[in-house]
Number of protein chains: 2
Amino acid sequence: MSWTVGELARLAGVTVRTLHHYDRIGLLQPSERTSAGYRSYDVHDLDRLQQVLFYRELGFPLDEVATLLDDPDADPAVHLRRQHRLLRDRLDRTQAMVAAVEKEMEARQMGISLTPEERFEVFGDWLPEEYAAEAEEKWGDTDAWAQSQRRTAAMSKEDWLRVKAESDDVERRFAAALAAGVPADSTAAMDLAEEHRQQISRHFYDCSPEVHTGLGRMYVEDERFTAYYERIAPGLAQYVSTAVQTNAARQG
Amino acid sequence: MSWTVGELARLAGVTVRTLHHYDRIGLLQPSERTSAGYRSYDVHDLDRLQQVLFYRELGFPLDEVATLLDDPDADPAVHLRRQHRLLRDRLDRTQAMVAAVEKEMEARQMGISLTPEERFEVFGDWLPEEYAAEAEEKWGDTDAWAQSQRRTAAMSKEDWLRVKAESDDVERRFAAALAAGVPADSTAAMDLAEEHRQQISRHFYDCSPEVHTGLGRMYVEDERFTAYYERIAPGLAQYVSTAVQTNAARQG
DNA sequence: GCAACAGCCTGACGTCGCGTCAGGCGCAAC
DNA sequence: GTTGCGCCTGACGCGACGTCAGGCTGTTGC
C-alpha cells in the first residue's frame with residue numbers, strides 16, 4: 001500500500017504544501033518517487049508523519065522534531081512514553097489556566113480584583129513542556145537525567161505543587177537577600193544555595209557540588225534560565241549563580 | 001501605578017520586542033508616552049495584555065484577538081466565559097490525544113498495529129477551538145448562535161461523543177451513497193440531508209430549510225468545511241452541499 | 001485517439017509573529 | 001562627567017508554511 005501526496009494530506013489533515021515543505025527540509029522524505037517524479041509514501045512514512053504531527057502539535061520546532069525522530073536509540077516506545085508525559089504536562093497547564101479563569105470569575109463576582117502578579121501567574125509557569133526536550137538533548141545520556149525521569153514520572157500533581165512551593169520559597173528568600181543588599185558570596189547567600197542544592201538532590205537527582213556549579217553557570221548562560229530568574233527580580237539570575245558557585249567552592 | 005516596557009515584559013513573561021510589536025500593529029498601545037517618548041503602561045493596558053496573551057496561547061491570530069477585544073459589547077464576563085469554554089475544549093482535545101497514545105501503547109504491547117485512519121483520527125477532530133471564534137464573528141449576533149451556545153454549554157463530554165457519533169453516522173452514509181453512485185439530487189440523498197438538518201435542530205439550533213441552504217453553500221465556499229468533508233471522501237463536500245440544497249428546495 | 005481535467009511537479013514570492021542587530025537618546029549613580 | 005542600563009526607532013532575518021505561476025501526467029469520456 002502506498003499513498004500520493006494528496007491522499008496522505010487528506011488522511012493526515014494537512015495540506016500538500018506542508019508535505020512538500022517537510023520533504024524539502026528533509027523532515028519527511030517519501031520513500032519513493034515514481035518515474036514521473038511523483039512522491040510515493042509508504043506505511044513507514046505515514047508512521048513518521050504521525051510522530052511529526054504529534055510533536056508539532058506539542059509546540060516543537062521542526063528541526064527539533066527531526067533530531068528527536070532521527071535519534072537512533074529512541075525506539076517507538078520511548079516516543080510514546082515521552083508523548084504521554086508531554087500531554088500530561090499540557091493537561092496540568094490547561095487545568096491551571098482553567099483555575100486561573102475561575103479565580104478571576106469569582107473575584108469579579110465578589111467585586112474584588114487581583115494583583116498584577118496574580119493575573120500573570122499562569123503565564124509564568126515555565127519549567128515543563130518547552131524545556132523538557134532541550135534538557136533531554138543535553139543530558140539525555142547522563143545518569144542524573146535517568147534518575148530525574150524516574151522520580152518525576154512517579155510524582156502526582158500534588159507532589160509537584162509541594163516541590164514547586166518549596167523551590168518558590170527558596171527563590172523568594174534569594175530575592176529578599178538580593179533586595180536587602182546581602183552579598184552573593186556571603187555565608188547567608190551560600191546557605192541558601194546549599195539549601196537549593198539539597199532540594200534538587202531530594203526531588204530530582206543527586207546534585208553534587210560540581211554538578212551544582214554547572215547549574216549555576218547555566219543560570220547566567222542559558223537565557224531561558226536567566227529569563228526565569230530575572231522575572232522574579234532583576235539581577236537575580238546573576239545573584240543566584242554567584243551564590244551557587246561560591247557555595248560549591250566552599251564545599252569542595 | 002504605571003509600568004515601563006521592560007517592567008511589563010518581565011511581569012507578563014514576554015519580551016520587550018513583543019510589546020513593541022503589539023504597539024506597532026495597534027493591538028496593545030500604551031495609554032501614555034513620557035516626554036522622552038518612553039512607553040508607559042497603566043493598569044488597563046495590563047488588563048488588555050492579559051487577555052491578549054490568553055487568546056494568543058489558545059492559538060488565535062493577533063488580528064482576530066484584536067477584533068475580539070475591540071468588540072464594544074463584549075464585557076469582561078463574556079471573555080471569561082469564552083475563555084473557560086475554549087479551555088475546556090482544549091482539555092477534551094488533550095485528553096483525546098492521551099487516549100490515542102494509550103491506545104497505541106496497548107496495541108504495541110499486544111503486537112497489533114492500528115489502521116492508518118485510526119492513527120490520524122485524533123488530528124482530524126476539527127470542529128471546536130479553531131472554528132469557535134470565526135463562527136462567533138459571523139453569527140455571534142444571531143439567535144441561532146445564542147441558542148447553540150446555551151445548548152452546547154450544557155453538554156457533557158459524553159453528550160458530545162453521542163452527538164459526534166450521530167453525525168459521523170450520517171456522514172458515513174453520505175460517503176457510501178457517493179461511492180455507490182447515488183445522485184446528490186436523488187430522494188435517497190435528500191433524505192440523508194433531511195436527517196442532517198433535524199440532527200442540527202435537535203442538538204444545536206433551529207435549522208430551517210433556509211438556514212440549511214446557507215449551510216450547504218458554505219460547505220463548498222468555506223474551505224474549512226470543504227477540507228473537513230474532503231478528508232472523509234473526495235467530492236463529498238460538493239455532494240453534501242448539493243443534497244442539502246436540493247432537499248431545502250423540496251421542502252420550501 | 002485525443003481532449004478535458006484533476007492531480008502532480010518545481011520555483012518563487014508573500015505572510016505572521018516575532019528575534020536580532022545597529023545606531024542613538026535619556027537618566028540615575030558613582 | 002562618564003559609565004551603564006534601559007529606552008527608542010528602523011531594518012533585516014527566520015520558521016513554517018500559503019499562494020500563485022507555469023508546466024507535466026494520467027485517467028476518464030466521447
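Worth saying up front: this structure is predicted, and the values here are computed from it rather than measured. A, B, ... follow the sequence lines: proteins, then strands. Residue 1 opens every chain.
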Contact nearer the 5' end of DNA chain D, comparing Asp23(B) with Thr15(A): Asp23(B)
Which residue lies more 5' along DNA chain C, comparing Val16(B) with Arg39(A) via nearest heavy atoms: Arg39(A)
Rounded interatomic separation in angstrom, taking CG from Leu8(A) and P from dC9(C): 11 Å
Modelled atom types, side-chain donor and acceptor of Arg82(A) and His79(A), under 3.5 Å: yes
Shortest side-chain distance from Arg56(B), nucleotide among dG17(C), dC18(C), dC8(C): dC18(C)
Closest-nucleotide 5' rank along DNA chain C - winner of Tyr38(A) and Arg17(B): Tyr38(A)
Integer-rounded Å distance: dT9(D) P and Leu19(B) CG: 12 Å
Sugar-phosphate, base or nothing in reach of Thr34(A), heavy atoms under 4.0 Å: nothing
Salt-bridge contact Asp70(B)-Arg48(B) (side-chain N to carboxylate O under 4.0 Å): yes
Whole angstrom value for the distance that separates C1' of dG10(D) from CD1 of Ile25(B): 17 Å
For atom CZ of Phe60(B) and atom P of dC16(C), their distance in whole Å: 18 Å
Spacing of Tyr41(B) atom OH relative to dC7(D) atom P, expressed in whole Å: 10 Å
Touch class at under 4.0 angstrom, heavy-atom based, for Arg33(B) against every strand present: sugar-phosphate
Aromatic plane relationship, Phe174(A) with Tyr239(A) - under 30° parallel, 30 to 60° tilted, over 60° perpendicular: perpendicular
Pair Arg39(A) + Asp45(A): basic N to acidic O under 4.0 Å: no
Nucleotide dG10(D), atom C1' - distance to CZ of Arg24(B) in whole Å: 7 Å
Criterion side chain to side chain contact (heavy atoms under 4.5 Å, CB included) on Leu86(B) and Tyr55(B), from CA distance to verdict: CA-CA 9 Å; Leu86(B) 289 167; Tyr55(B) 286 118; 4.1 Å; yes
Nearest-neighbour nucleotide for the Ala36(B) side chain, dC27(C), dC9(C), dT25(D) considered: dC27(C)
For atom NE2 of His20(B) and atom P of dA22(C), their distance in whole Å: 18 Å
Between C1' of dC18(C) and OH of Tyr22(B), the distance in whole Å: 8 Å
